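Worksheet: the structure to be examined is printed underneath.
Along the sequence shown, residues are numbered consecutively beginning with 1. Only a predicted model underlies this, so the values are computations on that prediction, with no experimental measurement involved.
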Amino acid sequence: MSTLNQETRAMLADSVDRFIRTEYSFEDRRHNLRQHQGQSPDHWRIFVEMGWLSIPFPEEQGGLGGDITDTIGVMKGFGQALVTEPYGPVVIAASLLARADPGDEQQQLLTSVLAGECQLLFASHGAQSRGNPLAVGVTAEPDGTGYRLTGQKVAVPFSRTARQVLVSARSNGGDTEVGGVELFLMPLDTPGVEVTEYPMMDGHWGGNLDFNGVTVGRSEQLTVPGAAGPLVQQAQADSILMLAAEAVGIMEALVRKTVTYTQTRKQFGVALSEFQVLQHRMADMYIEAKSVANLLSQTATRWPSADPEQRLVMASALKARLGPAARYVGQQAVQLHGGIGMTDELDIGHYFKRLTSIELQSGNAEWHRKWLWREAVA
C-alpha cells in the first residue's frame, strides 16, 4: 500500500513534466538511439536525483514508500516524450528482486540499482511464451549443489547496458503450472550465457540470452524451490500497468499532434481540420485514447486493494483493450499526416513504432482475450 501523500505525488508529476519540457527533446531521443544504446548517463542521473527510480519501494529498502501505481504519471510523461531510457524494465526487475525477500547481498544490489549505480533486468520470456509468463523458456536441472540452466530468453531489453539479470527457469511441471518455477540472480557475463543483440522495431536494442548448461548455485536462487511462479506473474502484471501508462501518454501525444497538424496543413486552400470526415476520424482517435486512459485510471484505483489473482485479471483486461486502441490511434495518426508520417525526421512514425512494440510486449490483445475467456469458464 502506497504511503505517498498528495503533495509528494504532485511534486513527482511536476518534476517529470519539467524534465520532458526542458531536458528531453525529440532530437535527444534520436541522438540516444544512435550514440548511447538508447540512454543517456546524464538523463539516468536525473532519474536518480528526482527519486523516480525509488518510487515504488518501501522506505526500509531505500524507496519513497509508494507502489507501482505511483509510477503511472512518470510513464505517461515518458510516453509523451518518447523517453528511451529503461526506466520501466529496471523498476520491474528491482521490484521483483524486492518481493523475493532478498538477503543482505541482494539488498546491497537493490540499493545500488536505486542509486543508479548499476542496472538490473528481468529476462522473463522464452520463444514460446507469447504472453504466458510461466512459459519461461529455460529449464533448471538440479545437479546436487545447484542447477544447470539450459534454454533461451528472447527480446530482453537493454541487454547491452545491464550488469545483473534475473532469470526465471522451470525445474518441473508444464508451462501453465504456477509451481515449479525458479528465480535466479546472476551477472550477465556469467560463463555459458551467450548474448545476441539486435535493434528492435522501436529503435531500442534488445537481445536473446542463450543458456548453455549454465551452472548456478543455491546462493543465486531467490526463492524456495519451485515457488517463484506467483512472483513472475505479478512482475508481468506490474509491467502491463506501466506499459499501458506509457501507451496512454503516446496516444495522447498523437491525438494532440494530429489535431494541430490538420489545423495548419491545407488542401485546396482549406485546413484539413475543416473536412468533416477527418474530424470524425480524429474524434474516434480521441475516444480510443480516452477509453484506455479511463480503464487505466480505474485499474490503478483498484490495484492496491486487489489480491494477486485479481491483478492478473485486471492487467489482462487492460492489455486486451490497449491493443486495438493503440493500433487504431497509431495508424490514423500516420495516415492523417500523409507521406511524412513515416519519415525518420518526424516523431509521428516513432510514436507509432513504440506503440506497436508495446502492443506486442507481455502478450498481445488476442492472447489476453483468450486467457480471460479461459479464466471465466474455468
Side-chain angles (χ1 to χ4, degrees), residues 29 32-33 36-41 43-44 46-48 52-57 63 68 70-72 74-79 81-100 109-110 112-126 129 131 133 136-137 153-168 183-188 195 197-209 231-247 249-250 315 319 353-355 357-363:
R29 170 188 169 81
N32 286 347
L33 293 177
H36 300 297
Q37 293 83 50
Q39 56 183 300
S40 161
H43 290 158
W44 197 252
I46 291 174
F47 291 9
V48 176
W52 300 336
L53 286 173
S54 305
I55 289 173
F57 300 93
I68 202 68
D70 293 312
T71 67
I72 286 177
V74 178
M75 293 302 295
K76 279 185 181 179
F78 284 2
L82 282 177
V83 170
T84 59
E85 281 74 17
Y87 175 77
V90 170
V91 167
I92 291 300
S95 297
L96 179 56
L97 177 63
R99 282 200 190 96
L109 172 61
L110 180 60
S112 180
V113 171
L114 299 189
E117 297 168 356
C118 72
Q119 291 182 354
L120 174 69
L121 294 177
F122 176 33
S124 56
H125 288 80
S129 296
V136 295
K153 297 289 188 177
V154 299
V156 179
F158 298 97
S159 54
R160 279 188 169 190
T161 55
R163 284 170 41 191
Q164 299 275 350
V165 62
L166 293 168
V167 179
S168 54
L183 186 65
F184 302 98
L185 172 66
M186 65 180 70
L188 198 54
V195 183
E197 297 170 338
Y198 46 82
M200 304 177 81
M201 73 171 70
D202 56 7
H204 295 178
W205 279 82
N208 293 347
L209 309 184
L231 296 179
V232 169
Q233 289 180 307
Q234 186 60 55
Q236 171 154 303
D238 286 348
S239 178
I240 289 173
L241 196 67
M242 296 184 74
L243 287 171
E246 182 184 358
I250 291 174
K319 197 64 161 59
K353 291 174 184 177
R354 179 58 187 160
L355 265 184
S357 177
I358 289 173
E359 180 190 358
L360 297 175
Q361 290 181 49
S362 298

Could you list the residues that satisfy side-chain hydrogen bond (donor to acceptor under 3.5 Å, both in side chains) with Asp70, not counting sequence neighbours? Ser2, Arg9
Run the side-chain hydrogen bond (donor to acceptor under 3.5 Å, both in side chains) test against Ser239 and tell me which residues pass, sequence neighbours left out. none
With a 4.5 Å limit on heavy-atom distance, are the side chains of His204 and Arg354 in contact? yes
Would you give the length of the straight line joining atom OG of Ser95 to atom CD1 of Ile68, rounded to the nearest 0.5 angstrom? 4.5 Å
Could you tell me whether the side chain of Asn32 reaches within less than 4.5 Å of the side chain of His43, counting heavy atoms only? yes
Is it the case that the ring center of Phe78 lies less than 6.0 angstrom away from the ring center of Phe47? yes
For Gln236 and Pro133, the nearest pair of non-hydrogen atoms, with its separation, is NE2-CD, 3.5 Å
Under 4.5 Å between any side-chain heavy atoms of Leu96 and Leu183, yes or no? yes
Determine, step by step, whether Ile72 and Leu241 satisfy the side-chain contact (heavy atoms from CB on, under 4.5 Å) criterion, reporting the C-alpha distance in whole Å, the side-chain angles of both residues, the deciding distance to 0.1 Å, and the verdict. CA-CA 8 Å; Ile72 286 177; Leu241 196 67; 4.3 Å; yes
Sequence neighbours left out, what passes side-chain contact (heavy atoms from CB on, under 4.5 Å) with Ser124? Give chain and number order. Phe122
So, using salt bridge (charged side-chain N to carboxylate O under 4.0 Å, His left out) as the criterion, who are the partners of Glu85 when residues are at least two apart? none
Using only atom types and a distance under 3.5 Å, with no angle test, would you say the side chain of Asn208 pairs donor to acceptor with the backbone of Ala155? yes
Residues at least two apart in sequence or cross-chain that pass side-chain hydrogen bond (donor to acceptor under 3.5 Å, both in side chains) with Lys76, listed by chain then number, are none
Is the backbone of Val167 close enough, under 3.5 Å, to the side chain of Lys153 for a donor and an acceptor to pair up by distance? no
Sub-4.5 Å side-chain heavy-atom contact between Ser168 and Phe184: no
Can you measure from CG (Leu188) to OG1 (Thr161) and round to the nearest 0.5 angstrom? 9.5 Å
Across all chains, not counting sequence neighbours, the side-chain contact (heavy atoms from CB on, under 4.5 Å) partners of Pro157 are Pro89
For Cys118 and Arg163, work out which heavy atoms get closest and say how close. CB-NH1, 3.3 Å
Residues which pass side-chain hydrogen bond (donor to acceptor under 3.5 Å, both in side chains) with Gln361, listed by chain and number, not counting sequence neighbours: Ser357
Report the residues that fulfil ring pair (Phe, Tyr, Trp, His ring centres under 6.0 Å) with Phe57, sequence neighbours left out, ordered by chain and then residue number. none
With no hydrogens and no angle check, just 3.5 Å: does a side-chain donor-acceptor pair link Gln119 and Gln39? yes
Value for CE (Met200) from CG (Leu360), rounded to nearest 0.5 Å, stands at 9.5 Å
Interatomic distance, CG@Leu355 vs CD1@Ile250, rounded to 0.5 Å, equals 4.5 Å
Sequence neighbours excluded, the answer for side-chain contact (heavy atoms from CB on, under 4.5 Å) partners of Pro199 is Trp205
Please report the shortest heavy-atom distance between Ala93 and Leu166, naming the atom on each side. O-CD1, 3.3 Å
Can you see which heavy atom on Ser362 is nearest to which on Leu243, and at what distance? OG-CD1, 4.3 Å
To the nearest 0.5 Å, what is the distance between CD1 on Ile358 and NZ on Lys319? 8.5 Å
For residues Arg29 and Asp202, report the shortest heavy-atom separation together with the two atoms involved. NH2-O, 3.0 Å
Here the pair of heavy atoms bringing Ile240 nearest to Ala315 is CG2-O, 3.4 Å
Restricting to salt bridge (charged side-chain N to carboxylate O under 4.0 Å, His left out), what partner residues turn up for Glu117, sequence neighbours left out? none
Rounded distance [0.5 Å steps], CG in Leu82 versus CG in Leu33: 9.0 Å
Taking side-chain contact (heavy atoms from CB on, under 4.5 Å) as the definition, give me every residue that meets it alongside Glu359, ordered by chain and number, with sequence neighbours left out. Arg327
Do the non-hydrogen side-chain atoms of Val165 and Leu185 ever get within less than 4.5 Å of each other? no
Between Tyr87 (side chain only) and Trp52 (backbone N and O only), is there a donor and an acceptor less than 3.5 Å apart? yes
